[in-house]
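Some notes on the structure that comes next.
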Amino acid sequence: VRYAPTNRDQIRLSVARTVRRPNYDLISPYRQEESPADEAWTIGKPVLTVSALDSTKAYDGTSFTGGHGVIYSGLVNGETSAVLSGVLTFAGTSQGAVRAGRYTIVPSGLSSDNYSISYSEGQLEITTRTLAASLGGIVEKNYDGTAEASLSALNFLLEGVVSGDRVQLTHPASGKYADALAGSGKDVTAEGLGLTGPDAANYTLAGTSVSGPVGGINPLDDLAVVLR
């Protein structure tokens, strides 16, 4: 059988040795045969795996490019990646990715006369950006014996939206004062907050409720009511 190996092939050789020793009875020799694979060599290029590292970033409206490095598995004889030729590059769905989600990072571009190189892809995760809602302005009414507070869009603030993104806060039309008593600087709480808009999927709201000392309930004694 004849076989012509290429420069990509590996051949594993096993050598069995026969050891003869005298048994000192001077009558017959003692023969011990060792099993095959007592010694083995690999001939050909060893496999070198280049694995892209996973990466995570929070959504910031900018596109992802490149990668965050690789791990080399299979280098022999104390060698490092310095023995490789070419330029490490990255491709995959991660390149140019902007929106929140998961994407692939695919390394390539290296070569070697001494290694058979394979590549393993990594993962990019762009996480959602957290937004904080708050109450602003003044939420005021005259004393009516209830803790109901009327709210408008002007009373809600949304912080952390990337410039140019279209995302809005959905909010209730009413909330609650901390109590029904007259006073100023009273805490008002609104619940049921959410996000909407074409870019809302890139964001997470820190909470669905918000409170702030923006309330005022005027006492009846302060009303300028004159009955004649």
Side-chain angles (χ1 to χ4, degrees), residues 52-69 90 92-105 122-228:
L53 294 174
D54 293 338
S55 182
T56 301
K57 62 170 286 191
Y59 171 78
D60 60 5
T62 64
S63 59
F64 180 89
T65 58
H68 282 180
F90 296 94
T93 57
S94 61
Q95 304 307 296
V98 177
R99 300 180 68 83
R102 290 181 178 272
Y103 306 90
T104 59
I105 304 174
Q123 295 289 321
L124 165 68
E125 181 180 10
I126 301 180
T127 60
T128 54
R129 184 182 182 91
T130 301
L131 301 181
S134 61
L135 285 176
I138 299 175
V139 180
E140 190 175 26
K141 73 172 186 175
N142 296 325
Y143 175 79
D144 62 4
T146 73
E148 294 295 322
S150 296
L151 302 171
S152 72
L154 297 177
N155 294 124
F156 293 92
L157 305 174
L158 188 61
E159 300 177 357
V161 177
V162 172
S163 178
D165 276 4
R166 294 171 293 171
V167 56
Q168 296 84 35
L169 183 69
T170 59
H171 58 81
S174 63
K176 294 284 187 180
Y177 291 97
D179 56 58
L181 301 177
S184 61
K186 301 177 71 66
D187 280 339
V188 174
T189 299
E191 298 180 342
L193 304 181
L195 297 174
T196 189
D199 299 311
N202 296 315
Y203 296 91
T204 298
L205 198 58
T208 58
S209 64
V210 64
S211 298
V214 297
I217 299 178
N218 301 317
L220 290 178
D221 292 343
D222 290 345
L223 294 178
V225 176
V226 178
L227 299 178
R228 294 185 182 275

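Side chains of N142 and I217 form no contact here, defined as non-hydrogen atoms less than 4.5 Å apart. Between Q95 and T65 the shortest side-chain heavy-atom distance falls below 4.5 Å.
Shown here are the side chain to side chain donor-acceptor pair (under 3.5 Å) partners of T56, two or more places apart in sequence or in another chain: there are none. Considering only residues two or more places apart in sequence or on other chains, T170 meets the side chain to side chain contact (heavy atoms under 4.5 Å, CB included) condition with T196. The side chain to side chain contact (heavy atoms under 4.5 Å, CB included) search around A206 returns T130, not counting sequence neighbours. Partners of T189 according to the side chain to side chain contact (heavy atoms under 4.5 Å, CB included) rule, which considers only residues two or more places apart in sequence or in another chain, are E191, S211.
No donor-acceptor pair under 3.5 Å is formed between the side chain of K141 and the backbone N or O of G215. Side-chain atoms of Q123 never come within 3.5 Å of backbone atoms of R102 as a donor-acceptor pair (strictly under, hydrogens ignored). Of the possible polar contacts, one joining the N155 side chain to the G136 backbone as a donor-acceptor pair under 3.5 Å is found. Here the side chain of S94 pairs no donor or acceptor atom with the backbone of Y103 at under 3.5 angstrom.
Once rounded to the nearest 0.5 Å, the distance linking CG of L135 with CG of L154 reads 12.0 Å. Residue L205 holds its CG atom at 4.5 Å from CG of L195, rounded to the nearest 0.5 Å. The structure places CG of D179 at 11.0 Å from OG1 of T146, a figure rounded to the nearest 0.5 Å. The distance from the NZ atom of K57 to the NE2 atom of H68 is 8.5 Å, given to the nearest 0.5 Å. Between the OG1 atom in T93 and the CZ atom in F64 there is a gap of 10.5 Å [rounded to 0.5 Å]. Y143 OH to L220 CG: the interatomic distance, rounded to the nearest 0.5 Å, is 7.0 Å.
Identified under the side-chain hydrogen bond (donor to acceptor under 3.5 Å, both in side chains) test for residues 199-208, with sequence neighbours left out: R99-D199, T128-T204, D165-Y203. Listed by first and then second residue, the ring-ring contact (aromatic ring centres under 6.0 Å, His included) pairs involving residues 153-175 are F156-H171 (not counting sequence neighbours).
The two atoms that bring A147 and A180 nearest to each other are N-CB, 4.0 Å, heavy atoms only. The minimum heavy-atom distance linking I105 with L53 is given by the pair CD1-O, 3.9 Å. For the residue pair L151 and A190, the shortest heavy atom distance occurs at CD1-CB, 3.7 Å. Here the closest non-hydrogen pair linking A133 and L193 is CB-CD1, 4.0 Å. Of all heavy-atom pairs between V188 and A149, the closest is CG1-CB, 4.1 Å. Heavy-atom minimum distance, A52 versus F90: CB-CE2, 4.4 Å.
Other residues, nucleotides and ligands place no more than 12 heavy atoms under 6.0 Å from the CD1 atom of I138.
Using a 4.0 Å cut-off between a side-chain N of Lys or Arg and a carboxylate O of Asp or Glu, R129 and D60 do not qualify as a salt bridge.
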